[in-house]
Amino acid sequence: MKSLAKSDKRTLLFVIFIAIAAPFLLNPFPEGSAMAQFNAGYPDLMQRFAYFGVLAIGFNILFGLTGYLSFGHAAFLGVGSYSAVWMFKLLGMNIIPGLILSVIVAGIFSLLIGYISLRRSGIYFSILTLAFAQMSFAMAYSVLTPLTNGETGLQVYADDPQVFMNENSIAVPHLFGLKMQDTFTLDIGPWAFQFNIGYYICALFLIAAFYMSLRIFRSPFGLMLRAIKTNQTRLNYTGINTRPYTLAAFVISGMYAGLAGGLMASMDPLAGAERMQWTASGEIVLMTILGGAGTLIGPVLGAGFIKYFENIFSKINETVLHGWFAFLPDGLENAIVWVLHFFVGKGWHLTLGLLFMAIVIFLPGGLMEGAQRIGNWWKNRRAKGKTSSAKTTPAE
Amino acid sequence: MDALLLQILNGLDKGSAYALIALGLTLIFGTLGVVNFAHGALFMVGAFCAVTLQHIIGLSKITIDPTKVDFLGNPAKVKTPYVVEWFGESAGMTIIDWAVPLALLFSIPVMLLIGYAMERGLIKHFYKRPHADQILVTFGLAIVIGEIVKTNFGATEIQVPAPDSLAGVSDIGAMFGMGAGQLAYPTWRIVYFFFALGIIGAIFAFLRFTTFGMVVRAGMADRETVGLLGINIDRRFTIMFAIAAVVAGLAGVMYTPIKPPSYELGMQFLVISFVVVVVGGMGSLPGAVAAGFMLGILESFASMNVVKSFFEAIYLPSIDQIIIYLVAIIVLLTRPRGLMGKAGVMEE
């Protein structure tokens with residue numbers, strides 16, 4: 001903490017604050033009110049925010065810093081989930097061995113894939129990673145069925161060995177006795193704030209992951225990665241072999257994805273191959289882009305944004321829409337509801353696709369760039385109002 | 001020997017589809033320098049052109065026939081398709097039967113329009129953006145197109161039959177001088193192969209022997225110089241994009257009897273088509289076609305039991321699932337430019 005710059009310290013404290021206070025912040029509307037459906041402060045969703053945040057932070061280390069666009073990151077997520085569930089099956093329901101193994105296995109896996117894929121760059125790299133991910137997906141469904149349990153998905157059964165378990169052991173994922181599913185509810189007036197152990201453990205990992213990525217961003221290593229993004233050819237000409245750096249970035253981001261997969265399995269001890277499909281990889285890319293690739297906090301925001309709206313949009317259906325627009329004349333109401341119903345409920349993916357396009361077209365820097373633009377505009381306006389005549393433009 | 005021939009045939013029809021999509025992808029990449037992740041979606045839209053036309057042709061007038069009763073005892077409803085009413089019994093039924101070939105005609109203007117609109121509306125703004133942005137925006141577009149199709153046609157696969165006379169099995173063993181019945185193969189798949197050959201030939205001839213094609217080839221080699229010579233190369237490239245969209249659409253239309261289309265069809269083919277393009281060599285048209293057929297045939301060989309058990313013996317089980325990716329990885333590592341890639345294309 002000491003060696004961090006002031007602004008970085010502020011960012012880190014901001015993330016820590018958000019992570020700790022999330023149950024309050026995400027639950028602004030009182031129970032039973034019309035707006036209560038927009039609350040996000042329940043355990044399942046908050047857990048998702050946290051582990052997808054870890055995933056996006058990891059992806060950002062690769063894509064944001066080096067510019068290598070991997071379309072196969074979901075494979076590491078899937079591998080991480082499978083390893084964690086296997087630890088639950090073999091050892092017991094404590095999440096620590098599962099998380100450790102998931103990071104290690106994802107690291108080895110990404111070392112293998114990265115070693116081959118990183119021989120090429122640009123679109124070739126994207127397609128190679130995509131091919132590897134699709135291959136893993138196909139194999140998880142076919143050959144590796146003994147390891148992955150195919151379409152059923154891998155889960156913990158009563159007759160699994162679980163060598164560290166006896167009759168008194170806890171049968172759900174836990175951390176030395178703290179059950180992931182335990183939730184403490186604090187009622188203040190009409191509000192019910194839920195504090196979930198699983199969420200806080202994920203949040204702990206999120207903060208750690210964020211801190212790590214902050215250190216990487218500010219390190220000479222991170223600077224080197226940025227240099228690779230800016231101009232790899234020039235770097236090569238100066239006599240630097242860039243491959244070890246990109247490979248390191250790839251493995252680190254793969255390990256992040258493995259950790260996210262392990263956390264995912266720890267919250268819900270089940271792993272399926274569909275997590276490895278390339279649409280899942282696309283979603284990871286989207287989270288990072290939406291938040292702002294190459295920024296520190298953007299990917300976390302992007303992950304939260306997408307998971308939140310996925311959840312909200314999927315819940316809204318035509319009845320809800322009719323409820324909202326009931327104040328309008330009938331014809332207009334029906335027309336609006338008819339238009340909107342394509343975008344909500346099952347149509348969430350359509351909205352996601354449109355959002356994706358809109359972001360890439362108009363705001364390549366993501367939400368962070370948007371926020372910055374608004375900030376700049378605001379600053380300029382205020383500056384103009386105060387000292388409009390004092391401003392001079394220096395000669396070139 | 002028969003089994004071998006059968007596998008080659010099996011590979012040819014899948015390979016044709018790969019080759020056609022990869023050809024379109026390469027055309028777009030070679031002309032506009034844009035990586036189009038929505039190309040699989042265009043293939044899927046073509047398939048749904050066939051579905052739509054089948055639907056339109058099948059529209060029926062419902063009349064009540066008082067002389068018959070249905071199983072509930074009510075007067076039976078008789079459906080007469082409008083085409084039967086207009087063109088008479090035999091001609092009408094023929095039109096219904098030949099819905100898929102007719103859909104080819106229907107899909108050409110539709111795909112031209114979609115391709116043109118897509119290029120002018122979206123792709124145009126991405127010429128100078130990094131490839132990552134192009135991939136991302138077209139990926140988003142692919143999701144959008146897929147979802148639109150899903151809302152209109154549902155998520156299930158829709159059966160579109162081939163014309164009766166082409167739907168059966170033809171005994172091609174006899175054609176090659178084998179005994180009758182030794183090597184029988186679905187006729188439509190053979191039709192598909194020759195159709196694909198025709199399209200590929202037409203594209204190559206168009207580029208080779210017409211003035212338009214010559215200008216396009218010149219533009220592919222050096223866009224700036226062609227522009228300086230006072231030729232509106234952008235407009236021609238836009239037309240090439242539309243043509244590539246039509247090729248994908250036609251491939252999709254003809255593929256419907258082989259694989260009933262669903263909104264996921266595009267994504268399934270896209271990944272493999274990209275692998276095909278990369279194996280063939282980015283920017284090389286013959287490479288794309290050759291790699292398409294090669295991978296199609298390899299894929300079908302890998303699904304033979306003999307081959308499968310051989311690879312299982314050397315600890316590579318279920319080779320049929322992964323062969324394409326495996327080949328892609330090997331090719332990219334040993335011949336980084338792909339089989340027929342040219343120097344200087346996508347080298348960075």
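All heavy atoms count here, side chains included; hydrogens, waters and symmetry mates do not. All chains are named by letter (A, B, ...) in the order of the sequence lines, taking the proteins before the strands, and each is independently numbered beginning at 1.
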> Side chain to side chain contact (heavy atoms under 4.5 Å, CB included) for A:I127 and B:V277? Distances and angles first, verdict last.
CA-CA 10 Å; A:I127 291 170; B:V277 170; over 6 Å; no

> Minimum heavy-atom separation for B:A132 to A:F63, with atom names?
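Minimum heavy-atom contact is CB-CE1, 4.5 Å.
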
> For residues A:F71 and B:F37, establish whether the separation of their ring centroids is below 6.0 Å.
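Yes, close enough.
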
> Could you state the interatomic distance from CG (B:L136) to CE (A:M357), rounded to the nearest 0.5 Å?
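Taking CG in B:L136 and CE in A:M357, the distance rounds to 11.5 Å.
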
> Report which part of A:S126 has an atom under 4.5 Å of a heavy atom belonging to chain B: side chain, backbone, both, or neither.
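Contact with chain B is through the side chain of A:S126 alone.
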
> Can you name the nearest heavy-atom pair linking B:E147 to A:L350, along with the distance?
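The pair with the smallest heavy-atom distance is CG-N, 3.5 Å.
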
> Nearest heavy-atom pair of B:R129 and A:I361: which atoms, and what distance?
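Between these two residues, the closest heavy atoms are NH1-O, 3.7 Å.
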
> Name the region of A:L286, side chain, backbone, both or neither, that has any atom closer than 4.5 Å to a heavy atom of chain B.
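For A:L286, there is no contact with chain B at all, as no heavy atom is under 4.5 Å.
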
> Can you tell me which portion of B:I330 sits under 4.5 Å from chain A's heavy atoms? Options are side chain, backbone, both or neither.
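It is neither, since no heavy atom gets under 4.5 Å.
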
> Go through the atoms of B:I272 and report whether side chain, backbone, both or neither lie under 4.5 Å from a heavy atom of chain A.
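B:I272 has no heavy atom closer than 4.5 Å to chain A.
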
> How close do B:V275 and A:A131 get, heavy atom to heavy atom, and via which atoms?
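Smallest heavy-atom distance, with atoms named: CG2-CB, 4.4 Å.
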
> Is the centre of the B:Y325 ring less than 6.0 Å from the centre of the A:F132 ring?
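That pair fails the under 6.0 Å test.
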
> Tell me, for A:L354 versus chain B, whether the close heavy atoms (under 4.5 Å) come from the side chain, the backbone, both or neither.
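Contact with chain B is through both the backbone and side chain of A:L354.
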
> Is A:I116 in contact with chain B via its backbone, its side chain, both, or neither, using a 4.5 Å heavy-atom distance?
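Contact with chain B involves both backbone and side-chain atoms of A:I116.
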
